[in-house]
Trainee: 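This structure is in structure tokens; I'll ask about it shortly.
Quick note on labels: first sequence line is chain A, next is B, and so on, each numbered from 1.
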Number of protein chains: 2
Amino acid sequence: MKRSIVDIPSCSECDVEGNGILCALSHESKDFLSERKGDNFYKKGQTIFYEGNHANGLFCIYDGKVKLSKLGDDGKEQIVRFAKTSDILGYRSLLSDEPYHATATAMEDCHVCLLSKDKFMQLMEKDPKLSLSVVQLLSKDLRGAEQLLIDIAQKSVKERISEALLLLKNTFGYLEDGKTIGASMTRSEIADIAGTTTETTIRTLAQLSKDGLIELKGKKIVIKDFPRLVSEASIYD
Amino acid sequence: MKRSIVDIPSCSECDVEGNGILCALSHESKDFLSERKGDNFYKKGQTIFYEGNHANGLFCIYDGKVKLSKLGDDGKEQIVRFAKTSDILGYRSLLSDEPYHATATAMEDCHVCLLSKDKFMQLMEKDPKLSLSVVQLLSKDLRGAEQLLIDIAQKSVKERISEALLLLKNTFGYLEDGKTIGASMTRSEIADIAGTTTETTIRTLAQLSKDGLIELKGKKIVIKDFPRLVSEASIYD
DNA sequence: TTGATAGTGTGATGTGAATCATAGTTCATT
DNA sequence: AATGAACTATGATTCACATCACACTATCAA
């Protein structure tokens with residue numbers, strides 16, 4: 001396993017493009033937070049933390065894509081959220097002093113900073129800007145979870161898979177060509193977003209491809225007809 | 001429509017049994033918050049606020065039970081959460097300055113206090129105890145939503161309905177007899193929790209009743225065999 | 001008290017998607 | 001370049017649950 005060499009700066013010098021909640025902090029707050037900051041490299045597929053384990057730090061993604069998933073009682077995986085550059089992970093568990101709610105897995109090679117729990121908690125008290133951001137972030141995540149809940153409860157597999165593709169596009173954007181979804185996922189992972197099986201996902205993607213809404217280039221998925229994909233997903237808001 | 005007469009005190013004198021996040025505030029904070037407090041009466045079935053509408057105050061339930069639901073694209077209702085005495089409603093929308101995420105409906109006659117948005121927001125900045133409580137509340141709600149998501153995505157209807165009954169019991173407790181679920185819901189509402197249809201809910205409840213796990217007395221549901229109901233719901237945590 | 005409305009209950013029928021089975025293909029690692 | 005593992009693909013079969021259709025019952029307002 002080759003570790004790619006990247007120089008990760010302190011938060012106050014962090015130059016990533018992204019609008020995570022730490023980015024908007026004052027210079028002083030960033031300096032305070034990044035004292036004794038650690039950083040880790042995770043290879044694609046590696047687990048950053050496991051659902052149920054004790055939380056002891058705050059993760060901030062410097063580079064890479066991460067999926068957050070939970071295991072159902074029968075062991076089937078359900079993806080609940082994604083995270084990318086400048087997003088933070090594990091803050092919920094820190095704040096409520098609970099074990100991690102989900103498992104975080106690197107979808108591609110990742111560099112992740114590890115920030116001190118104590119510093120973060122102190123900053124939460126000192127910097128009202130941060131605590132408000134955290135509240136709004138939680139609120140946004142909750143909204144997303146509730147939306148996903150309704151979708152899975154009420155929509156057909158075809159609608160859910162269309163929506164999963166749109167979710168991927170919204171989260172990770174397009175590649176340089178402006179039409180290929182900027183994240184590669186296996187059919188099985190897409191199934192774990194949409195709450196269906198791998199076989200059904202394969203068939204449904206093939207159908208969407210035959211209908212000309214998307215194009216499948218191996219793991220790369222090209223959105224050929226965005227408006228029709230949106231209407232296929234029955235998104236009206 | 002007869003309005004039941006209840007004398008609702010200011011927050012600092014509020015004597016409801018319950019452990020909502022406002023209950024733990026200091027006397028001063030409560031006094032501050034309840035200045036120019038309003039209160040409303042909602043008859044069973046009435047809507048307290050609608051999903052999508054602008055938020056302009058914080059609701060705190062003095063008395064009664066409330067369901068929070070969202071509408072799917074096809075108009076089908078999905079219940080996402082419940083609230084009862086001392087719980088607060090609408091805080092998310094205040095904090096992120098967004099429209100209400102869900103519709104709140106009185107499940108029985110309710111008295112609800114209406115607190116000032118400005119006071120609440122000011123208190124959020126002044127009282128770290130409150131902001132931490134809010135964060136933890138959001139975190140708990142998010143956890144609940146994610147759990148419900150997995151359940152609906154992966155469990156059978158029978159498991160989901162069993163779990164819906166347990167959710168009702170956990171939220172509202174038992175009546176005086178110690179075994180009847182302390183909230184009355186129509187079969188259709190139970191279906192809206194479990195993400196299924198009314199007919200299937202009726203059949204499944206009849207099945208659970210025949211198996212001796214529950215007893216149906218009209219809208220009242222008696223839990224006769226709690227352990228087996230838990231195992232039917234496949235809850236292992 | 002009555003009529004209307006909302007809720008409960010049951011059978012018959014259809015179907016979307018899971019499951020099972022099997023094979024080809026791509027990918028990573030030595 | 002080779003070998004095993006992970007992923008993609010496709011057909012056949014099954015089944016849980018939705019849908020439709022109808023009847024009965026409780027509730028509530030006039």
Trainee: Would you say the ring centers of B:F82 and B:F172 fall short of 6.0 Å from each other?
Mentor: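 Centroid separation for B:F82 and B:F172: below 6.0 Å.
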Trainee: So what is the end-to-end bend of the helix from C:dT1-D:dA30 to C:dT30-D:dA1, with 5 pairs used at each end and the value given to 10 degrees?
Mentor: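 That helix gives 60° between its end axes.
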Trainee: In a check of side-chain contact (heavy atoms from CB on, under 4.5 Å) between A:R228 and each of A:I223, A:D211, A:I214, which one passes?
Mentor: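 For A:R228, the side-chain contact (heavy atoms from CB on, under 4.5 Å) test succeeds with only one of A:I223, A:D211, A:I214, which is A:D211.
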Trainee: Quickly work out the A:Q46 CD to C:dA28 P distance and round it to whole Å.
Mentor: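 Rounded to the whole Å, the gap is 15 Å.
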Trainee: Please name the pair of heavy atoms, one in A:D73 and one in B:Q154, separated by the smallest distance, quoted to 0.1 Å.
Mentor: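 Closest approach of A:D73 to B:Q154: N-OE1, 4.4 Å.
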Trainee: Is the gap between the ring centers of A:Y50 and A:Y100 under 6.0 Å?
Mentor: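 For A:Y50 and A:Y100, the ring centres are not under 6.0 Å apart.
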Trainee: Indicate for each nucleotide in nucleotides 4-12 of chain D, in 5' to 3' sequence, whether protein heavy atoms under 4.0 Å reach the base (B), only the sugar-phosphate (S), or nothing (-).
Mentor: ---SSBBBB
Trainee: Tell me which residues in residues 156-168 of chain A put a heavy atom below 4.0 Å from DNA chain C, sorted by number, or none.
Mentor: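 A:S156, A:V157, in order of number.
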Trainee: Answer yes or no: are there more than 12 heavy-atom neighbours, outside B:Y174 itself, under 6.0 Å from its atom OH?
Mentor: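 Correct, the count exceeds 12.
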Trainee: Going through the checks in order, is the side chain to side chain donor-acceptor pair (under 3.5 Å) test met by A:E77 and A:S69?
Mentor: CA-CA 6 Å; A:E77 187 176 341; A:S69 61; 3.2 Å; yes
Trainee: Return the value, rounded to whole Å, for the distance between atom NZ of B:K43 and atom P of D:dA29.
Mentor: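 That distance rounds to 7 Å.
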Trainee: Specify the separation, in whole Å, of atom CD of B:E189 and atom P of C:dA6.
Mentor: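 After rounding, the gap between these two atoms is 14 Å.
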Trainee: For B:E51 versus B:L71, what's the shortest heavy-atom pair and its separation?
Mentor: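 Looking at all heavy atoms of both residues, the closest pair is OE1-N, 3.1 Å.
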Trainee: Considering only heavy atoms from C-beta outward, does the side chain of A:Q46 approach that of A:T105 to under 4.5 Å?
Mentor: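 No - every pair of side-chain heavy atoms lies 4.5 Å or more apart.
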Trainee: In whole angstrom, what separates A:Q154's CD from D:dA18's P?
Mentor: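 In whole Å, D:dA18 P and A:Q154 CD are 12 Å from each other.
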Trainee: Stepwise, does the side chain to side chain donor-acceptor pair (under 3.5 Å) test hold for A:T197 with A:T200?
Mentor: CA-CA 5 Å; A:T197 60; A:T200 300; 3.0 Å; yes
Trainee: Within this structure, what is the CG-to-C1' distance between A:D192 and C:dA18, rounded to whole angstrom?
Mentor: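 Rounding to the nearest Å, CG of A:D192 and C1' of C:dA18 are 15 Å apart.
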Trainee: For A:K179, look at atom NZ and say whether over 12 heavy atoms of other residues, nucleotides or ligands are found less than 6.0 Å away.
Mentor: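 No, not enclosed.
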Trainee: How many Å lie between CD on A:E108 and P on C:dA28, as a whole number?
Mentor: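 Atom CD in A:E108 sits about 13 Å away from atom P in C:dA28.
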Trainee: So A:Y42 and A:F59, side chain to side chain contact (heavy atoms under 4.5 Å, CB included) or not? Walk me through it.
Mentor: CA-CA 12 Å; A:Y42 296 92; A:F59 298 90; 4.0 Å; yes
